[in-house]
Amino acid sequence: MARVSTRSIGSKRPKATADTTGSASTAKTKAELGIGFTGGVIGGLLGGGSGVFYVPALEKVAALSRPSLHGTAGAANIAVTGVGAATFALAGGSIDFRAGMGLVVGATLGAFLGAKLILRIPHRFLRWLFVTILLATGAKLLLDAAGVGSLRGATIVPPSLIANLWFTVPTSLVLGFIIGAWAAGMGLGGGLLAVPVLMVLYGADLPTAEGTSLLMFFPNAIVGTVVHARQGTADKRLGVILNIGALPGAIVGALAALALDVRVLSIVFAAFALLVAVREMYRMHRTRGETRAAADSMSSDKRLNEE
């Protein structure tokens with residue numbers, strides 16, 4: 001009887017361990033789907049910017065290097081941009097194809113460059129560049145909401161020049177390439193650049209700029225993901241799960257963007273960008289303090305050992 005009892009107890013332990021592991025895995029997958037959905041809502045609502053949420057959120061659930069965080073965030077943008085752009089087009093929103101197609105081509109070409117460059121750029125520089133983009137975008141859109149900027153489609157370029165394809169095509173190709181390289185390399189910030197560019201240079205209103213931005217980054221996200229996957233700077237499993245969660249989220253976000261007043265939408269965009277920028281600066285300051293403390297501790301230990 002004692003032998004039977006021992007076998008019985010021993011046979012239950014692996015099952016309990018498997019149940020615990022399965023529960024933890026399920027909880028992690030649900031968290032990842034939730035991150036994907038939230039990023040989809042943000043991207044659909046703001047015409048991009050989902051990576052601004054994805055990168056810090058993924059740091060909490062995945063042990064990835066900084067380049068892999070950005071690469072995986074970029075992979076998650078496939079559903080956000082594709083579904084978001086389609087929702088804008090089908091639900092009554094407008095897309096600026098005149099400037100948008102040049103941006104699409106330029107951004108797709110830029111994706112090849114950006115994903116490769118990120119491996120050669122210092123992580124601290126990437127984070128400061130990220131913060132700078134967020135601060136500039138937030139400040140600009142707050143000015144727009146206050147009636148100072150281009151909220152209603154005012155542009156610094158004369159309308160006659162915008163109508164000229166000899167201006168629109170080359171400028172949109174060049175700007176698309178630069179923004180596309182940035183977006184593919186960082187996995188974020190592309191929409192935060194493209195939306196203001198479309199408003200200031202091409203006279204688009206905010207909802208049109210958002211829809212065009214999403215269209216612009218759909219092929220860019222695909223190309224960037226392929227490059228990141230080949231060089232090992234993207235988590236494929238996590239990218240798939242994030243995209244599944246982002247599908248319904250992008251639809252919800254795009255529909256909300258079309259329903260909101262333009263001024264309210266601008267304030268939401270600005271508040272989100274500035275909040276993330278402040279949070280990122282705080283984290284960099286804290287990390288720097290911890291690094292200094294660790295260096296001082298090592299230096300002190302070394303002196304004690306020498307004595």
Side-chain angles (χ1 to χ4, degrees), residues 17-88 90-91 115 130 183-184 186-192 210 213-215 217-229 232-260 268-269 272-273 275-276 279-280 283:
T17 303
D19 289 344
T20 303
T21 304
S23 298
S25 178
T26 301
K28 182 180 179 181
T29 301
K30 287 181 178 179
E32 291 165 350
L33 286 169
I35 291 173
F37 177 82
T38 305
V41 172
I42 293 170
L45 178 64
L46 305 178
S50 53
V52 170
F53 167 77
Y54 280 141
V55 170
L58 291 177
E59 285 183 309
K60 302 291 184 182
V61 301
L64 299 174
S65 65
R66 195 72 188 179
S68 292
L69 280 172
H70 290 286
T72 305
N77 282 329
I78 293 175
V80 176
T81 54
V83 174
T87 303
F88 263 91
L90 297 174
F130 176 32
M186 292 290 287
L188 51 80
L192 299 179
E210 290 187 358
S213 171
L214 289 169
L215 174 66
F217 287 109
F218 180 52
N220 173 272
I222 294 173
V223 172
T225 298
V226 171
V227 176
H228 274 293
T233 50
D235 187 312
K236 297 177 184 177
R237 184 201 68 85
L238 183 53
V240 170
I241 292 175
L242 292 172
N243 274 291
I244 292 172
L247 282 170
I251 295 173
V252 171
L255 292 176
L258 292 171
L260 285 174
V268 170
F269 196 132
F272 175 75
L275 179 64
V276 175
R279 180 172 178 265
E280 188 74 4
R283 294 177 67 192

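Atom set for the values below is all heavy atoms of this structure, side chains included, hydrogens, waters and symmetry mates excluded.
Minimum heavy-atom separation, G191 to S213: CA-OG, 3.5 Å. Nearest heavy-atom pair, A257 versus G44, reported as atom, atom and distance to 0.1 Å: CB-O, 3.9 Å. Listed here is the closest heavy atom pair of P56 and R279: CB-NH1, 3.0 Å. Shortest non-hydrogen contact noted between K28 and V61 is CE-O, 3.6 Å. Among all heavy-atom pairs drawn from G239 and N243, the shortest one is O-ND2, 2.8 Å. Looking at every heavy atom in both residues, A79 comes nearest to A250 through O-CB, 4.2 Å.
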Handout entry: Audit row: V55, H70, side chain to side chain contact (heavy atoms under 4.5 Å, CB included) steps and yes/no
Key = CA-CA 6 Å; V55 170; H70 290 286; 3.9 Å; yes
Problem - Test log, rule side chain to side chain contact (heavy atoms under 4.5 Å, CB included), inputs L58 and D235 - result: CA-CA 11 Å; L58 291 177; D235 187 312; over 6 Å; no
Handout entry: Derivation of the side chain to side chain contact (heavy atoms under 4.5 Å, CB included) call for I251 and L255
Key = CA-CA 6 Å; I251 295 173; L255 292 176; 3.9 Å; yes
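A distance of 11.5 Å separates OG1 of T225 from NZ of K236, quoted to the nearest 0.5 Å. For the atom pair CZ (F37) and CD1 (I244), the distance works out to 14.5 Å, reported to the nearest 0.5 Å. Separating the OG1 atom in T29 from the CD1 atom in I241 is a distance of 4.5 Å, to the nearest 0.5 Å. In this structure, CG on L214 lies 9.5 Å from CG on L46, to the nearest 0.5 angstrom. To the nearest 0.5 Å, the span separating CD on E32 from CG on L238 amounts to 5.0 Å.
Checked options I222, I78, N77, T81; the residue passing with F217 is T81 (criterion: side chain to side chain contact (heavy atoms under 4.5 Å, CB included)).
In this structure, the side chains of L260 and L45 come closer than 4.5 Å at one or more pairs of heavy atoms.
For the pair T87 (side chain) and A254 (backbone), a donor-acceptor distance under 3.5 Å is absent.
Partners of A76 according to the side-chain contact (heavy atoms from CB on, under 4.5 Å) rule, which considers only residues two or more places apart in sequence or in another chain, are Y54, L242.
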